[in-house]
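Keep in mind that what you see is a predicted model, and the values were worked out from it rather than measured.
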Amino acid sequence: MMPQRHQARTASSPSRLLAALGLLGAAALLPACTTNPATGEEQFAALMSPQQERQVGAEQHPKITQQFGGSYDNASINSYVTGLGQRLAAQSEMPDLNFTFTVLDSPIVNAFALPGGYVYVTRGLMALAENEAELAGVMAHEIGHVTARHSAERYSQNVVANLSVALLGVLTKSNELANAAGYGAQAYLQSYSRGQEFEADTLGVRYLTRAGYAPDAMASFLTKLDRHSRLQAQLAGRSPDTVDQTNIMATHPRTLDRVQAAREAANVGAVANPRIARNEYLRKLDGMLYGDNPDQGVVRGRDFIHPELRFRFTVPENFTLVNGQTKVQAAGPNNSVISFDMGKAQGNPAPRTYLQAWGGNLRLSNIEAIEVNSLPAATGAARANSNAGPVDVRLVAISGGNGSFYRFAFITPAQVTDQLSRALRETTYSFRRLSASEAAAVKPERLKLYTVRSGDTAARLAAKMPPGPLAAERFATLNGLQAGQVPPAGTLVKVVTE
């Protein structure tokens with residue numbers, strides 16, 4: 001490797017000049033900007049044709065669907081969302097594009113689109129929306145990303161950015177510079193720009209109003225998104241000002257002011273008798289799966305239960321469990337963290353051997369073999385440094401047989417390790433396998449409708465939510481209410497039951 005690297009660095013100046021001229025020639029052949037029919041603006045998106053957009057969307061669709069837990073298995077809801085999406089798409093500048101609308105089986109609140117007309121909403125987002133108009137606002141925004149060809153624009157800009165970076169690297173003789181600059185360009189182009197989000201909102205308002213909905217549905221849902229995001233951060237033990245990177249607030253960073261500005265930019269007139277369809281929408285949601293799908297494990301208060309893999313464990317008081325795509329985490333006091341996932345080793349090593357390999361560069365000490373409810377296991381500890389100071393890390397690997405391991409990582413600031421040691425030890429020994437009957441008894445949570453009665457109080461309504469912290473806030477956020485607000489008698493509200 002070293003001789004090749006030296007040879008690349010000492011290439012002759014004529015070679016560099018020829019390479020640079022070749023790149024300049026390639027740049028000169030790039031297609032010019034075209035006018036986007038939806039936005040009416042000049043746009044450089046010619047390096048991904050509409051046909052290629054459809055091909056990319058078709059190739060990525062099954063991968064995206066699988067990544068988010070598959071499509072939600074409910075024919076009525078899928079038909080409803082597809083019908084709504086087609087009505088909105090018919091109002092766009094691409095009514096002949098064969099749009100595909102998918103409800104993803106994920107509790108995460110998110111929505112996004114792939115090129116070629118593939119639009120996704122999660123059941124978590126549907127549960128949060130209060131009426132059909134709010135869901136329509138989200139879907140119209142995603143359709144706006146498609147008709148504005150933002151993916152093609154981003155791809156085309158990325159090609160040019162990489163070409164410019166390669167040219168810069170050749171002229172300055174620096175492969176490192178080219179690589180670093182290329183990484184920066186790639187990172188910048190990963191998310192939609194503020195201008196693209198504004199365009200999607202402007203187009204979304206256009207399609208929304210053409211379909212007979214009030215344009216303020218976008219703003220009302222954005223307000224609810226903000227409250228939901230802050231609540232989820234609190235439940236996860238984080239600052240309310242932080243945003244989960246899988247949340248729609250992270251993937252579509254927008255503010256209420258920008259949405260309102262987009263409404264003005266859309267220059268649409270008032271909609272006579274706008275469609276809201278609150279009760280009709282809520283009745284569609286009645287019985288819909290809420291929160292975790294039991295096939296992926298469920299959080300029940302301080303317990304994590306996986307009926308499919310047949311195990312459970314309990315975290316200490318003052319720890320909040322969050323079920324992620326690849327791991328389960330619990331946030332506790334003083335920024336302490338419990339992380340749980342599963343690993344697979346080649347062969348069937350002893351837990352102690354596996355633990356040492358898993359620990360990598362942590363330099364584990366006091367490694368010992370233990371037994372957790374008749375399952376062989378091993379544990380070890382290490383001291384590490386973090387941005388907030390020294391932390392103690394304790395790893396536990398529990399054998400599941402055939403080379404599979406259940407893995408706990410307990411991370412505590414050094415000054416509170418002794419204080420939390422006993423509680424975290426209890427979490428380790430709370431891990432146990434479930435019997436077939438115990439696994440079968442785990443039922444999913446579902447949305448149910450409740451008609452508010454005269455005399456109902458905020459506390460009584462909140463008591464209909466599953467046990468856990470911030471029940472009143474969870475009920476209010478789910479229903480778009482202010483804290484302590486009680487809707488008039490006869491109003492339908494959403495509650496969560498097993």
Side-chain angles (χ1 to χ4, degrees), residues 38-39 76-95 97 99-103 109-113 117 119-148 197-228 248-249 252 254-286 288 478-481 491-492 494:
T39 65
S76 175
I77 286 180
N78 285 313
S79 176
Y80 172 71
V81 170
T82 294
L84 174 58
Q86 297 294 358
R87 290 200 304 273
L88 292 164
Q91 312 303 321
S92 76
E93 293 75 18
M94 296 182 180
L97 179 61
F99 278 84
T100 299
F101 299 93
T102 303
V103 179
V109 177
N110 212 337
F112 48 88
V119 176
Y120 306 84
V121 295
T122 62
R123 58 174 172 80
L125 185 144
M126 290 191 68
L128 186 63
E130 189 64 19
N131 51 57
E132 183 178 285
E134 288 187 346
L135 177 62
V138 172
M139 296 178 68
H141 174 92
E142 299 306 328
I143 292 170
H145 278 304
V146 174
T147 58
E197 291 292 353
F198 185 81
E199 282 184 343
D201 274 332
T202 303
L203 293 173
V205 168
R206 181 189 299 173
Y207 308 150
L208 198 61
T209 54
R210 285 177 180 176
Y213 297 95
D216 58 3
M218 275 190 179
S220 67
F221 189 68
L222 189 65
T223 299
K224 184 177 289 186
L225 275 175
D226 181 63
R227 289 186 60 196
H228 170 80
I248 191 173
M249 295 292 283
H252 293 279
R254 300 144 73 200
T255 65
L256 194 58
D257 288 344
R258 288 181 212 156
V259 170
Q260 291 171 338
R263 174 182 173 180
E264 295 174 5
N267 194 26
V268 294
V271 178
N273 301 315
R275 179 174 172 81
I276 303 297
R278 180 180 186 273
N279 285 356
E280 177 182 338
Y281 178 74
L282 293 182
R283 290 191 177 99
K284 288 288 183 183
L285 302 187
D286 193 19
M288 186 176 76
L478 181 63
N479 288 283
L481 302 171
T491 303
L492 288 177
K494 294 171 283 187

Rounded distance (nearest 0.5 Å) linking atom OH of Y281 with atom CG of L135:
4.5 Å
Mind checking side chain to side chain contact (heavy atoms under 4.5 Å, CB included) for K494 and listing every partner two or more places apart, or none if nothing turns up?
E130, L282, L285, L447, L449, L478, N479
Do E93 and Y207 have side chains that approach each other closer than 4.5 Å (heavy atoms only, starting at C-beta)?
yes
Starting from the C-alpha separation in whole Å, work towards a yes-or-no answer on side-chain contact (heavy atoms from CB on, under 4.5 Å) for E199 and T202.
CA-CA 5 Å; E199 282 184 343; T202 303; 5.6 Å; no
Are the side chain of S220 and the backbone N or O of A217 linked by a donor-acceptor pair below 3.5 Å?
yes
Going by the angle between their ring planes, with limits at 30° and 60°, are F99 and F101 parallel, tilted or perpendicular?
parallel
Spacing of CD1 belonging to I143 relative to CE belonging to M94, to within rounding of 0.5 Å
11.5 Å
Rounding to 0.5 Å, atoms CG (D216) and CG (L222) come to a distance of 12.5 Å
Quick one: pull up OG in S79 and NZ in K284 and give me the separation to the nearest 0.5 Å.
7.0 Å
Would you tabulate the side-chain donor-acceptor contacts of residues 121-129 under 3.5 Å, counting partners in other chains and residues two or more places apart, or write 'none'?
unit_1, atom_1, unit_2, atom_2, d
T122, OG1, I108, O, 2.4
T122, OG1, N110, N, 3.2
T122, OG1, N110, O, 3.3
T122, OG1, L125, N, 3.1
R123, NE, D105, OD1, 2.5
R123, NH1, L289, O, 3.4
R123, NH1, G291, O, 2.8
R123, NH2, D105, OD1, 3.1
R123, NH2, G291, O, 2.8

Determine whether E197 and H145 make a side-chain contact, defined as any pair of heavy atoms from C-beta on separated by less than 4.5 Å.
yes
Shortest non-hydrogen contact from A113 to V146?
CB-CG2, 3.8 Å
Hits for side chain to side chain contact (heavy atoms under 4.5 Å, CB included) against R275, two or more places apart or cross-chain, chain-then-number order -> E132, Y213, A277, E280
Treating R227 as the side-chain partner and L481 as the backbone partner, does any N or O pair qualify as donor plus acceptor under 3.5 Å?
yes
Note: L88 and A140 closest approach over all heavy atoms is CD1-N, 4.1 Å
Shortest non-hydrogen contact between V205 and A266, atoms and distance:
CG1-CB, 3.7 Å
What residues, two or more places apart in sequence or in another chain, satisfy side chain to side chain contact (heavy atoms under 4.5 Å, CB included) together with N131?
A133, E134, I276, R278
Going by the rule side chain to side chain contact (heavy atoms under 4.5 Å, CB included), which residues pair with T223 if we only count those two or more places apart in sequence or in a different chain?
L256
Give, for atom CD of Q260 and atom CE of M218, the distance between the pair rounded to the nearest 0.5 Å.
12.5 Å
I need the M139 CE to L84 CG distance, nearest 0.5 Å.
5.0 Å
Closest non-hydrogen atom pair between P274 and A214, with its separation
CB-N, 3.6 Å
Quick one: closest heavy-atom pair of A111 and E142, and the distance?
O-OE2, 3.4 Å
What residues, two or more places apart in sequence or in another chain, satisfy side chain to side chain donor-acceptor pair (under 3.5 Å) together with T209?
none
